[in-house]
Amino acid sequence: MKAAKMRRYASKITDWHLGLRRLNFFLVNSEVRSYHSVLRSSKDDYRHKSVAKMNYATSCVNLSEDPPKEKDNRVSDMLIDSYGRMHTYLRISLTERCNLRCQYCMPAEGVDLTPKPELLSLTEILRLANLFVTSGVYKIRLTGGEPAIRKDIEDVCLHLSNLNGLKTLAMTTNGLTLARKLPKLKECGLTSINISLDTLVPAKFEFLTRRKGHEKVMESINAAIDVGYNPVKVNCVVMRGFNDDEICDFIELTRDRPINIRFIEFMPFDGNVWNVKKLVSYSEMLDRVVKKFPGLRRLQDHPTETAKNFKIDGHCGTVSFITSMTEHFCAGCNRLRLLADGNFKVCLFGPSEVSLRDPLRQHASDDELREIIGAAVKRKKASHAGMFDIAKTANRPMIHIGG
């Protein structure tokens, strides 16, 4: 199997190496047209491709309007914003450290990490998590940096999974050190796993992440399947000229295995040299997939779902698209973020943050913390800015925010 896989991608590796110098220049030093010309050409491109997508959507037998939201009386006012959105999903960044250096996550010059005394302790994380769960949060996702490099990751999972009212404990990981830890993590209550993998070609993996380890990530995906995670979610950030030629290869992973491939539009964060030229829109990705897999059909998505989900006839797994740039899902957003340094963030793309660490260490009561959280949630905007405005808005690097 391994030899066959290497033969399968041998030609891709050779071709890719020949174009490495050009690609590196493209990724880091792409010439930027004026703002107005970029805006005009991009809108025209999306308008042209939307015709095919609209025609396709009408043929999806399982596509239907999202069911109406039901009021959940368990959700406290602290978690309801001024637009009536109930925030029942908390993403907790456990660390700013990572054992990869992905170009879309970390600037080439690196980032200054928060000193350890200024990071939340396990006790502080658990107190805040309990405060959110008792107020109505029922899903927690652990992020980083790379959460699996924490020496106490099993203890973190065990304590969080025992919070009364929590239904889902998930983790997003690069998979580099995950395989040997998975059986214990599952025992400790980890119910869902997302593994980041942006290329099936080892040489491209090393270029993008500035590290080796492709084989270990593939091993972790297989290990997650073996211990019973279903589906195993694989996150793939799609970038033009780098991995957009692999979209259909990724989908082949879903043929015989319970894998959910999640294609993510390239998003701007400080230091990742975002450029609209690198963005492959949902419409374009969908067009490519439909041509190769005509049995693709749309599934019904939950109102708070960030992904547009699809099934291919005859495939064990599923395919999803996360369309943060071209078709935002702000109206159904139910997500909040607790950063490793204790800052609280209500929108991934919004620069606004408020510290929960400082009042926590000043012995604030639960009610005082709830008041701070509730005020921040009430200030959440109806939607984030358009993608060109996001690209110009100051925000922290992704490794500080948490994936």
Side-chain angles (χ1 to χ4, degrees), residues 1-9 12-13 98-100 102 104-105 141-150 153-154 157 168-188 190-209 211-239 242-264 289 293 307 309-312 314-322 403:
M1 174 68 76
K2 185 175 179 180
K5 190 178 294 183
M6 290 302 295
R7 286 196 300 270
R8 181 181 177 186
Y9 297 112
K12 286 190 177 183
I13 294 174
C98 188
N99 44 9
L100 294 179
C102 297
Y104 59 75
C105 182
R141 177 173 297 279
L142 305 177
T143 69
E146 172 47 43
I149 66 174
R150 275 190 66 131
I153 185 61
E154 291 90 353
C157 289
T168 302
L169 179 62
M171 182 165 72
T172 296
T173 169
N174 62 33
L176 213 58
T177 64
L178 184 67
R180 60 184 174 83
K181 299 181 180 182
L182 266 177
K184 183 65 174 178
L185 288 172
K186 198 165 191 294
E187 287 181 14
C188 291
L190 187 68
T191 59
S192 179
I193 194 83
N194 287 52
I195 299 175
S196 297
L197 179 65
D198 301 309
T199 177
L200 297 172
V201 182
K204 290 167 70 172
F205 177 91
E206 187 174 343
F207 171 75
L208 180 67
T209 66
R211 296 291 188 274
K212 295 182 182 295
H214 182 270
E215 187 174 344
K216 292 182 178 179
V217 180
M218 296 301 297
E219 181 184 351
S220 291
I221 292 173
N222 291 327
I225 295 171
D226 291 342
V227 299
Y229 286 102
N230 186 357
V232 174
K233 298 181 179 180
V234 177
N235 293 346
C236 177
V237 177
V238 180
M239 292 164 281
F242 178 73
N243 63 351
D244 57 319
D245 61 326
E246 297 185 64
I247 290 174
C248 292
D249 293 334
F250 269 101
I251 292 177
E252 286 294 341
L253 297 178
T254 71
R255 187 177 294 277
D256 302 313
R257 291 180 283 180
I259 291 176
N260 171 226
I261 293 293
R262 300 166 70 81
F263 295 115
I264 304 171
V289 175
F293 302 97
N309 300 294
F310 293 79
K311 178 81 173 174
I312 298 174
H315 281 224
C316 178
T318 53
V319 180
S320 302
F321 300 89
I322 299 177

Let me confirm one number: the CG-OG distance from Leu182 to Ser220, rounded to the nearest 0.5 Å.
6.5 Å
Please determine if Arg255 and Glu252 form a salt bridge, counting it only when a charged side-chain N lies under 4.0 Å from a carboxylate O.
yes
Asp226 CG to Glu219 CD distance, which is reported to the nearest 0.5 Å
10.0 Å
Does any non-hydrogen side-chain atom of Ile193 lie less than 4.5 Å from one of Val232?
yes
Let me see the working for Arg141 and Asn194 under side chain to side chain contact (heavy atoms under 4.5 Å, CB included), right down to the final yes or no.
CA-CA 10 Å; Arg141 177 173 297 279; Asn194 287 52; 3.0 Å; yes
Run the numbers on Ile264 and Asn235 for side chain to side chain contact (heavy atoms under 4.5 Å, CB included), then give the verdict.
CA-CA 7 Å; Ile264 304 171; Asn235 293 346; 3.9 Å; yes
Using side chain to side chain contact (heavy atoms under 4.5 Å, CB included) as the criterion, list what pairs up with Asn99, not counting sequence neighbours.
Glu146, Ile149, Asn174, Leu176, Thr177
Between Glu206 and Lys212, does the salt bridge (charged side-chain N to carboxylate O under 4.0 Å, His left out) criterion hold? Intermediate values first, please.
CA-CA 5 Å; Glu206 187 174 343; Lys212 295 182 182 295; 3.2 Å; yes
Looking at every non-hydrogen atom in both residues, tell me the closest pair between Thr168 and Ser192 and how far apart they are.
CG2-CB, 4.5 Å
Check: Ile312 and Val319 side chains under 4.5 Å, non-hydrogen atoms
yes
For Thr199 and Asn243, test the side chains for any donor-to-acceptor distance below 3.5 angstrom and give the result as yes or no.
no
Side-chain contact test, heavy atoms from C-beta onward, threshold under 4.5 Å: evaluate it for His315 versus Ile251 and give yes or no.
yes
What distance do Phe205 atom CZ and Arg211 atom CZ have between them, rounded to the nearest 0.5 Å?
10.5 Å
Grab the two heavy atoms, one from Gly317 and one from Lys311, that are nearest each other, plus how far apart they are.
O-NZ, 3.4 Å
Looking only at atom types and distance, does a side-chain atom of Thr172 sit under 3.5 Å from a main-chain N or O of Thr143, one as donor and one as acceptor?
no
Inter-residue atom distance Cys157.SG - Lys184.NZ, 0.5 Å rounding:
11.0 Å
With side chain to side chain contact (heavy atoms under 4.5 Å, CB included) as the criterion, how do Cys188 and Glu154 come out once you've worked through the C-alpha distance, each side chain's angles and the decisive distance to 0.1 Å?
CA-CA 6 Å; Cys188 291; Glu154 291 90 353; 4.0 Å; yes
Could you walk me through whether Val289 and Ile247 pass the side chain to side chain contact (heavy atoms under 4.5 Å, CB included) check?
CA-CA 8 Å; Val289 175; Ile247 290 174; 3.8 Å; yes
Using 30° and 60° as the class boundaries, would you call the ring planes of Phe263 and Phe250 parallel, tilted or perpendicular?
perpendicular
Is it true that a side-chain atom of Glu246 and a backbone atom of Leu200 form a donor plus acceptor pair closer than 3.5 Å?
yes
Aromatic rings Phe310 and Phe321: how do their planes relate, parallel, tilted or perpendicular, breaks at 30° and 60°?
perpendicular
OG/Ser196 to CZ/Arg262 distance, rounded to the nearest 0.5 angstrom?
10.5 Å
Closest non-hydrogen contact found for Leu197 with Val234 is CB-CG1, 4.0 Å
For Ile259 versus Leu253, what's the shortest heavy-atom pair and its separation?
CD1-O, 3.8 Å
Would you check if Val227 and Pro183 make a side-chain contact, meaning some heavy-atom pair closer than 4.5 Å?
yes
Checking Lys181 side chain against Ala148 main chain: does a donor-acceptor pair fall under 3.5 Å?
yes
dist Asn309:CG -> Ser320:OG (nearest 0.5 Å) comes out at 3.5 Å
Closest non-hydrogen atoms of Val237 and Asp198, given as atom of the first, atom of the second and distance, are N-OD1, 2.7 Å
Looking only at heavy atoms, the pair that brings Leu185 and Ile153 closest together is CD2-CG1, 4.0 Å
